[in-house]
There are 4 protein chains.
Amino acid sequence: MEKKLEKVENRPGRPRCLDARRAILDATWQILSGEGGFADLTMEGIAERAGVGKTTVYRWWPNKASVAAEAFFTRIEPKVRFRDTGSLREDIRLQIKELCKVLTSRSGRVLRALLGGGQSDPELIDAFRSQWMEPRRVKGREILSKAVLTGEMRSDIDLDVALDALYGPIYLRFLVKHLPLDNSFVDQLCDSAFEGLLAKTPAQRRSRAH
Amino acid sequence: MEKKLEKVENRPGRPRCLDARRAILDATWQILSGEGGFADLTMEGIAERAGVGKTTVYRWWPNKASVAAEAFFTRIEPKVRFRDTGSLREDIRLQIKELCKVLTSRSGRVLRALLGGGQSDPELIDAFRSQWMEPRRVKGREILSKAVLTGEMRSDIDLDVALDALYGPIYLRFLVKHLPLDNSFVDQLCDSAFEGLLAKTPAQRRSRAH
Amino acid sequence: MEKKLEKVENRPGRPRCLDARRAILDATWQILSGEGGFADLTMEGIAERAGVGKTTVYRWWPNKASVAAEAFFTRIEPKVRFRDTGSLREDIRLQIKELCKVLTSRSGRVLRALLGGGQSDPELIDAFRSQWMEPRRVKGREILSKAVLTGEMRSDIDLDVALDALYGPIYLRFLVKHLPLDNSFVDQLCDSAFEGLLAKTPAQRRSRAH
Amino acid sequence: MEKKLEKVENRPGRPRCLDARRAILDATWQILSGEGGFADLTMEGIAERAGVGKTTVYRWWPNKASVAAEAFFTRIEPKVRFRDTGSLREDIRLQIKELCKVLTSRSGRVLRALLGGGQSDPELIDAFRSQWMEPRRVKGREILSKAVLTGEMRSDIDLDVALDALYGPIYLRFLVKHLPLDNSFVDQLCDSAFEGLLAKTPAQRRSRAH
DNA sequence: GGATAATCGAGACGGTACGTCAAGTCTTCTT
DNA sequence: AAGAAGACTTGACGTACCGTCTCGATTATCC
């Protein structure tokens, strides 16, 4: 732990050991990816696995929620990406499928733990919102507003409502686990969200057909 | 605690004290309604607040998740109710608004705690599913399938997907708290879910108008 | 640790496990008898060596000083004994020699630790006074007052001053370790204390001689 | 801390800052004068109160015992002084009273802390012996040996034993606090130490009278 | 009606992890 | 090179709960 020291600022004192930081986040990630999720994550466990004093963990993070959040978001966040196929519907569908892939992977376990922990820890849910959700929604709002301009999407619905309509069902299955988060679900969900649940009149059927 | 004893079976020994049971569930409910959610719920705390020995709690529930679940569901479950106005859309909208009222009340805090705790406790999320969600979905599926028969709702979408499309957004806002769970949201959400996000062609506009 | 449970009073709850108590005091004694004295005594160490939870130690003793005190005094106190040879001087000299034997033994290490710790812990020095010193002084005062009655000892000196005069020098060497606590010291000390430091006139020499 | 730098030798580098040294010793003294004695003295506390880096403390003293010892003895040592009234008894009595005044003052708290700490720290008790006790005893031995030559004091008692007989009782009360360290005690103690505890024969009484 | 048995309260037990404090070391920038 | 600042590992602190256990007391059924 005493090796890689990188200068950050010109202030006195031994500079922060970046290896320690990295080791802590790595250890946290590993534990969080394991069986027990957030329940198996202990500050002592993190410190031990990282080969670091407990104090060092507490020096930089106030509680395990913060460590977990940072461990997760520094490693996951960059992966947001929207396609641009020209069709709003297609772009969104592909993006949602990609999201589902993340949610059903190892990272999903961690995300679930964070969302769960966030229900009794305001800071944690804040982190979830600002570091995970909002960046995605910014991108999503951008895409939707473009679609409004091109006339592909109706303009009388708040973009945030639209985003909730698209992603809410995903997170519901993700958290409650009542049904699988598979491709068929995403396809049907997009169908329903874009075209609506109501039965179409013959005229509508005709107009959608071409 | 030594008063109300009700006979259940004809077996020897002192019968189970129902007052104790009630006191435990009450205490659990109170704690769960507080600030910290599931994190503040401890078996010792329950026992103390209920004026009961810890053993008595453990005798009847294997862990705090079970107590929490029972405390919640014995007190909440009866309140589900659907209207029958003749219009699917209206019925659903009213039901969702009622749900939102529950979610933003004291019970909401507890529900949040359970859903949160459930992310690291399989039994808890099971209880949530089977005791809270599924009963509602049974009713919901019933209503939706009737609407399919009457032709109000399209028939090519899985009912479970439809339910997720309607309720997922609610739970997303409930858990992430990024935006309020108010009536305007519900209205817009229903609009979007029933009619779809896509812009309507003139023909569609006409056919929906009457 | 779960075996020998002895009933003490008729109060509810699992009765106190006396084996645990014993194991804790034993462990404490052993550690205290080791190299580092009080410095090597840790609550965690006591608990581990006793095969006991840390909580159990804290349940019965507020700090390690108390444990140490009890460990010492329950095991040492009974050994006070004065001879009765008829001569005050002889009785005292023998008693002091016995005390020195204790002070230079393993127990001495512990006693030193307690007296040392007592300098920054009022409760500890209280324990030392009430459980170690005072019982001895009671016996000592008794002997001295008898000697006053028989005319062997002068009556114009406070018995507590006399006791300090006899035992103070012992404890000084015990604590400061500037010179050994051997028999020759005790002999000379008694000589000096009983007969005084001043040179004798010829008349005195004569009167003491027979 | 950056002001008074005194050049001691002609060696390269920044010379030792004497202000730092002084500040450290001052801080140590203040802490040691407080409630908790040696137990409240921490290297970190010293450094902070002195406005000094922990490293600076460790550079010049190996452990807190050394700092404590130096803090005490550089400030106390000069005050030893014996009167010379011509009477050994009187000189000693006055000196002891002066000692008692010191012991019951603020310095006494520190001295108690050092003696207490010394019971589990060999270096500390060494310092106490060599820097506090021995200088006094050198002076004391001198006085006593003079008294032996003049015939005032008996010659068959080791001077160190005599010194222990005189000062041991003082330190006993100082450390155990079983009884006060007041003037009456000193008077009685001197009486007893110089004249002995045994009852006087009529002949002795006569010879002492004139 | 006396034995038997399930249940109650209380609370001690061996543990695990908490979050804090200080120890003593090490590394950097400043003087 | 000395000094300050402060990050580092280590280890004990005292606390909170965990889930298990052992009690005496209470309240029923069964013989």
Side-chain angles (χ1 to χ4, degrees), chain A residues 1-2 5 7 9-21 41-45 47 51-60 62-64, chain B residues 1-2 5 7 9-17 19-20 41-45 47-48 50-60 62-64, chain C residues 1-2 5 7 9-17 19-21 41-45 47-48 50-60 62-64, chain D residues 1-2 5 11-17 19-20 41-45 47 51-60 62-64:
Chain A
M1 204 51 41
E2 304 300 340
L5 294 171
K7 205 165 96 178
E9 296 173 52
N10 259 6
R11 42 175 184 161
R14 174 173 173 176
R16 178 168 178 183
C17 174
L18 294 185
D19 274 5
R21 177 189 182 73
L41 188 69
T42 69
M43 288 300 240
E44 249 163 19
V52 143
K54 238 195 318 180
T55 328
T56 303
V57 185
Y58 279 108
R59 199 190 323 277
W60 303 109
N63 49 55
K64 61 179 170 180
Chain B
M1 205 51 39
E2 306 300 339
L5 295 172
K7 205 164 91 178
E9 297 172 51
N10 259 3
R11 41 173 184 165
R14 174 177 176 173
R16 178 169 178 183
C17 173
D19 274 4
L41 189 69
T42 69
M43 288 302 239
E44 250 166 17
E48 193 192 6
V52 142
K54 243 196 315 181
T55 330
T56 305
V57 186
Y58 278 109
R59 199 190 321 275
W60 303 109
N63 50 54
K64 62 179 171 180
Chain C
M1 205 51 41
E2 304 298 342
L5 296 172
K7 202 166 95 180
E9 296 172 53
N10 258 5
R11 39 175 188 159
R14 174 174 175 175
R16 177 168 179 183
C17 174
D19 274 4
R21 176 190 183 73
L41 188 70
T42 69
M43 287 302 240
E44 250 163 21
E48 194 191 4
V52 143
K54 236 195 320 179
T55 328
T56 303
V57 186
Y58 279 108
R59 200 189 324 275
W60 303 109
N63 49 54
K64 62 179 169 179
Chain D
M1 203 51 40
E2 304 303 338
L5 293 173
R11 37 176 186 164
R14 175 176 174 176
R16 180 169 177 185
C17 173
D19 273 5
L41 188 70
T42 69
M43 288 302 240
E44 252 166 16
V52 141
K54 243 196 314 181
T55 330
T56 306
V57 185
Y58 278 109
R59 197 188 323 276
W60 303 108
N63 50 54
K64 63 179 170 178

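Only this structure's heavy atoms are used, side chains among them; waters, hydrogens and symmetry mates stay out. Order of the sequence lines fixes the chain letters, A, B, ..., with proteins taken first and strands second; residue numbering starts at 1 for each chain.
- Considering every non-hydrogen atom in both B:N63 and B:M43, the closest pair reads C-CE, 3.7 Å.
- With E:dC18, F:dC13, E:dG9 as the candidates, the nucleotide lying closest to the side chain of A:K64 is E:dC18.
- Contact annotation for A:T56: base contact, defined as any heavy-atom pair under 4.0 Å involving a base atom.
- Comparing A:G53 and B:P62 against DNA chain F, the residue whose closest nucleotide sits nearer the 5' end is A:G53.
- Side-chain N/O atoms of B:R59 include none lying less than 4.0 angstrom from OP1 or OP2 on E:dT7.
- Between atom CD of residue D:E44 and atom NZ of residue D:K64 there is a gap of 11.0 Å, rounded to the nearest 0.5 Å.
- Taking atom CE of B:M43 as the reference point, atom P of E:dG9 lies 14 Å away to the nearest angstrom.
- With hydrogens and angles left out, the side chain of C:T55 and the base of E:dC13 share no donor-acceptor pair within 3.5 Å.
- Nearest nucleotide to the side chain of B:K54, out of E:dA12, F:dC17, E:dG14: E:dA12.
- When the nearest nucleotides of DNA chain F are assigned to B:L41 and C:Y58 by heavy-atom distance, the more 5′-ward of the two goes with C:Y58.
- As rounded to whole Å, 14 Å separates atom C1' of F:dT26 from atom CG of B:D19.
- Remark on DNA chain E: of its neighbouring residues D:T42 and A:E44, the 5'-side contact belongs to A:E44, judged by nearest-heavy-atom nucleotide.
- Taking 4.0 angstrom as the limit, D:W60 places a side-chain polar atom (N or O) nearer than this to OP1 or OP2 of F:dG3.
- Among the nucleotides F:dC8, E:dG19, E:dG14, the one closest to the side chain of C:A20 is E:dG14.
- Atom CG in D:N63 sits about 18 Å away from atom P in E:dA22, given to the nearest Å.
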